[in-house]
Colleague: 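Attaching a single structure in structure tokens format; questions to follow.
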Amino acid sequence: MRKNSYLDYKAIITDLVMKVNEDADLDRETIYGLLEYPPDPNLGDLALPCFKLSKKWRKAPHLIAEELQGKIGPSPYFSEVKATGPYLNFRFAPVPLTREVLGQILDCGEEYGARTFGEGQKIVIDYSSPNIAKPFHVGHLSSTVIGNSLAKIYRFLGYECVGINHLGDWGTQFGKLITAYKKWGSEAEVKKGLINELMRLYVKFHTEAEKDPSLEDEAREWFRKIEAGDEEALALWQWFKEISLEEFQRVYDLLEITFQSQAGESFYNDKIGAVVEELKAKGLLTESEGAAVVNLDAYGMPPCLILKKDGSSLYATRDIAAALYRKKTYGFVKALYVTGMAQSLHFQQWFKVVELMGYEWAKDLVHIPFGLVSLKGEKLSTRKGRVVLLEELLTTAIQKTLEIINEKNPGLANKEEVARSVGVGAVVFGALSVNRIKDVTFSWEEALNFEGETGPYLQYTHARASSIIRKAGFDYEADLAFDPEKLDDPAALKVIKTLYLFPEKVMTAAAEYEPSIISRYLIDLAQDFNGFYHECQVLVDDRKLQQARLILVAAVKTVLATGLGLLGIKAPEQM
RNA sequence: GCGUCUGUAGCUCAGUUGGAUAGAGCAACGGACUUCUAAUCCGUAGGCCGCAGGUUCGAAUCCUGCCAGACGCGCCA
């Protein structure tokens, strides 16, 4: 199947306008960029606003629109080209639209919208990256599902994506944990309570440390021992890490998220020395209050701390070491960091340091920030025990789904599997349905709502479409011929026009690193399809009509499944 | 104090990068299941697009200043 060659009305219109542009004083990109979708479908399907041309040609916009209308004339792709005031409106001719869009979708299947231009290029995506020895909670959801979705979107465009789980498996928090374990824990308790016990110890450390600040010194000393390779300290560190990884894995299994690399912070421990030497050799390091920093005054930023006064590294140091390592190892064309907006300054600082080191690829480092999750307006806090565990959220959603299935579709064959797909889908979609940057207040009620603009709504729509296909005995290999003229209901045409938009939406989502563009699109598609579903019976006596409508249903099913897949959500056949 | 981000219907959010009459969902109210799955659909109601200036043919969108909230600003990550 040929990707990269989807029906593109903007390109067609651009051609038409270029052809009648006698003075040849326009360029394709200008025209293409001007084209927009009219606010009211009664006006047309695409519009060329003539204000900007008016400046260029010193003529009133409405006159330009009229003139262009006359010059362009009839065209097989448009049923109407009409000047309305300063706009030149184009209406898609239904038959070619229907034939080409549905034809391409049936032809490409779940590759519809895919591209090849990323082939041979690698993108590394740093996402999820939880801290070891802390429970995996809803605050980690955004990074995990946004990163996962971006990886899928870019793969869809042909790129090879390396998903990296940059585990927080190094740092003073392990000193704290060992201190707490030594004082108040035991092997038996940890074996029994696993990460919950680790969290209990971690919380206890912080409440006790408020009364007795010397505990902090003890914690630092234990971390120093880890770094020095002390046998007991390292063994405990390793053990705590394993317990955490098993815990995280259960969540990743539920989400069906995998990584190509699990190299966490500890992995770079032996690589930071060289980075510090390089910074020194390039004359970037200066001493300030006993610490080693890179001064960024010239760029309006506070200095980037590289070494503490005791000589140990900081996270900027490790991030720089990791970036150098990743460039060398993967040769990426782009490196994405999906982390909270709170870290924006940190990324700006060390991106600038990499640039000052003379690496031109510093421009390929991209921070993908997202808003903060809070609980009833208060910050999440592991130390205060104020968190919602992600595993608990997922299993609760699955449980609720199972109850709904038992109530609405008790005869369903693989209930457990479907409940898992839908419950998890609800949670994932919830995290991907709004603009990344918005702060969110977690609410059980909203997270477990399955009606309206939700994941289950999309999955339900997909199941409905699947059901029709199944009942009709539709064959994807054989039954591809259809008469596009049969799909002339307004409701059907609306669906087809929305299907047409999919490839463009995927491109926008990638360019803006914004999975919610796809989420919003799928909601639009599902709404249009459900309108059609109520308006038009598919399984009818008229064989030709039924066949045409089946093709439309198959196309919607395909695009819904593809889009959900790009979000990391499953599309069950029945629910 | 300085910086970044956010502010659109009661609530949660879209708004095609400056274009035509600002759109959805939830909640409320009224309708549609012996029919391809009602986790659905149709309808009603709901707006000083935070406020005030400016830029221009044209602003929810760009600029400036306020107001409100979130986050960040040296040895945590």
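Nothing here was measured: the structure is a model prediction, and the numbers come from that model. Per chain, numbering begins at 1; letters A, B, ... match sequence-line order. The analysis underlying the following values was restricted to heavy atoms, covering all of them including side chains, and did not include hydrogens, waters or symmetry mates.
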Colleague: What nucleic acid atoms does A/Ala47 come within less than 4.0 Å of, heavy atoms only: base, sugar-phosphate, or nothing?
Modeller: base

Colleague: Which is true for A/Val422 with a 4.0 Å heavy-atom rule: it touches a base, it touches only sugar-phosphate, or it touches nothing?
Modeller: base

Colleague: From CZ of A/Arg464 over to P of B/C33, roughly how many Å is that when rounded to an integer?
Modeller: 15 Å

Colleague: For A/Leu432 and B/C13, give me the distance from atom CG to atom C1', rounded to whole Å.
Modeller: 15 Å

Colleague: What residue among A/Tyr9, A/Tyr37, A/Tyr521, A/Tyr6 forms ring pair (Phe, Tyr, Trp, His ring centres under 6.0 Å) with A/Tyr500?
Modeller: A/Tyr9

Colleague: Does A/Lys225 qualify as a cation-pi partner of A/Trp222, given the criterion of NZ or CZ under 6.0 Å from the six-membered ring centre and within 45 degrees of its axis?
Modeller: yes

Colleague: Using atom P in both nucleotides, what's the gap between B/G43 and B/G7 to the nearest angstrom?
Modeller: 29 Å

Colleague: Scan A/Lys557, A/Gln574, A/Lys471 and name whichever one has a side-chain hydrogen bond (donor to acceptor under 3.5 Å, both in side chains) with A/Ser466.
Modeller: A/Lys557

Colleague: Is A/Glu221 paired with A/Arg224 through a side-chain N to carboxylate O contact shorter than 4.0 Å?
Modeller: yes

Colleague: Given 3.5 Å as the limit, does a donor-acceptor pair link the side chain of A/Ser149 with the main chain of A/Val145, or not?
Modeller: no

Colleague: Look at A/Asn435 and B/C13 and indicate whether a side-chain polar atom (N or O) is within less than 4.0 Å of OP1 or OP2.
Modeller: no

Colleague: Could you check A/Leu412 against A/Phe51 and say which one's nearest nucleotide on RNA chain B is further toward the 5' end?
Modeller: A/Phe51

Colleague: When you compare the side chains of A/Arg318 and A/Asn269, does any donor N or O come within less than 3.5 Å of an acceptor on the partner?
Modeller: no

Colleague: Is there a donor-acceptor contact under 3.5 Å linking the side chains of A/Glu445 and A/Ser443?
Modeller: no

Colleague: Heavy atoms under 4.0 Å is the rule here; annotate nucleotides 72-77 of chain B 5' to 3' with B where the base is hit, S where only the sugar-phosphate is, and - elsewhere.
Modeller: SSBBSB

Colleague: Donor-acceptor pair, A/Ser312 side chain versus A/Lys308 backbone, under 3.5 Å?
Modeller: no

Colleague: Under a plain distance cut-off of 3.5 Å, with no hydrogens placed, do A/Asn89 and A/Thr84 share a side-chain donor-acceptor pair?
Modeller: yes

Colleague: Side-chain N or O of A/Tyr533 less than 4.0 angstrom from OP1 or OP2 on B/A38?
Modeller: yes

Colleague: Mind checking the P distance from B/G23 to B/A28? Whole angstroms is fine.
Modeller: 24 Å

Colleague: Of A/Gly531 and A/Cys536, whose nearest nucleotide on RNA chain B comes first from the 5' end?
Modeller: A/Cys536

Colleague: Could you state the interatomic distance from CG (A/Asp45) to CD1 (A/Ile13), rounded to the nearest 0.5 Å?
Modeller: 9.0 Å

Colleague: From the list B/C71, B/U40, B/C57, which nucleotide is the closest neighbour of the side chain of A/Leu372?
Modeller: B/C71

Colleague: Between B/G46 and B/C26, how many Å separate the two C1' atoms, rounded to a whole number?
Modeller: 13 Å

Colleague: Between B/A20, B/C41, B/U37, which nucleotide has the shortest distance from any of its atoms to the side chain of A/Leu43?
Modeller: B/A20

Colleague: Among the nucleotides B/U37, B/C41, B/A39, which one has an atom lying closest to any side-chain atom of A/Tyr457?
Modeller: B/C41

Colleague: Restricting to nitrogen or oxygen on both sides, can you table the protein-nucleotides 24-28 of chain B pairs closer than 3.5 Å?
Modeller:
residue	atom	partner	partner atom	Å
B/A24	O2'	A/Glu453	OE2	2.5
B/A24	O2'	A/Gln527	NE2	3.1
B/G25	O4'	A/Glu453	OE2	3.0
B/G25	O2'	A/Glu453	N	3.2

Colleague: Checking all strands, does A/Ile405 fall into the base, sugar-phosphate, or nothing category for heavy-atom contacts under 4.0 angstrom?
Modeller: base

Colleague: Who pairs with A/Ala60 by side-chain contact (heavy atoms from CB on, under 4.5 Å), at least two apart in sequence or on another chain?
Modeller: A/His62, A/Leu63

Colleague: Using a heavy-atom cut-off of under 4.0 Å over every strand shown, decide if A/Met575 touches base, sugar-phosphate, or nothing.
Modeller: base

Colleague: Is A/Lys494 paired with A/Asp489 through a side-chain N to carboxylate O contact shorter than 4.0 Å?
Modeller: no

Colleague: Does a side-chain N-to-carboxylate-O contact under 4.0 Å join A/Arg386 and A/Glu378?
Modeller: yes

Colleague: For the pair made of OH in A/Tyr460 and P in B/C36, what is the distance, rounded to whole Å?
Modeller: 11 Å

Colleague: So which of A/Tyr127, A/Tyr337, A/Phe347, A/Tyr513 actually passes ring pair (Phe, Tyr, Trp, His ring centres under 6.0 Å) with A/His367?
Modeller: A/Phe347

Colleague: Could you tell me how far apart A/Gln574 (CD) and B/A39 (P) are, to the nearest whole angstrom?
Modeller: 15 Å

Colleague: So what's the dot-bracket for RNA chain B: Watson-Crick or G-U pairs under 3.5 Å, [ ] if a pair crosses, | if it pairs off-strand?
Modeller: (((((((..((((.....[...)))).(((((.......))))).....(((((..]....))))))))))))....

Colleague: Between B/C67 and B/C11, how many Å separate the two P atoms, rounded to a whole number?
Modeller: 23 Å

Colleague: Between the protein and nucleotides 1-7 of chain B, which nitrogen or oxygen pairs are less than 3.5 angstrom apart?
Modeller:
residue	atom	partner	partner atom	Å
B/G7	OP1	A/Lys438	NZ	3.3

Colleague: Which part of the nucleic acid does A/Asn42 contact within heavy-atom distance under 4.0 Å: base, sugar-phosphate only, or nothing?
Modeller: nothing

Colleague: So what does A/Val538 hit on the nucleic acid, given a heavy-atom distance under 4.0 Å: a base, only sugar-phosphate, or nothing?
Modeller: base

Colleague: Rounding to an integer number of Å, can you tell me how far A/Glu378 CD sits from B/C71 C1'?
Modeller: 16 Å

Colleague: Please determine if A/Lys10 and A/Glu36 form a salt bridge, counting it only when a charged side-chain N lies under 4.0 Å from a carboxylate O.
Modeller: no

Colleague: Pick out the pairs of N or O atoms, protein on one side and nucleotides 63-65 of chain B on the other, that lie under 3.5 Å.
Modeller:
none

Colleague: From B/A39, B/G18, B/C36, pick the nucleotide closest to the side chain of A/Pro456?
Modeller: B/A39

Colleague: One thing to verify: whether A/Glu218 and A/Lys176 come together as a salt bridge, which I'm taking to mean a side-chain N less than 4.0 angstrom from a carboxylate O.
Modeller: no

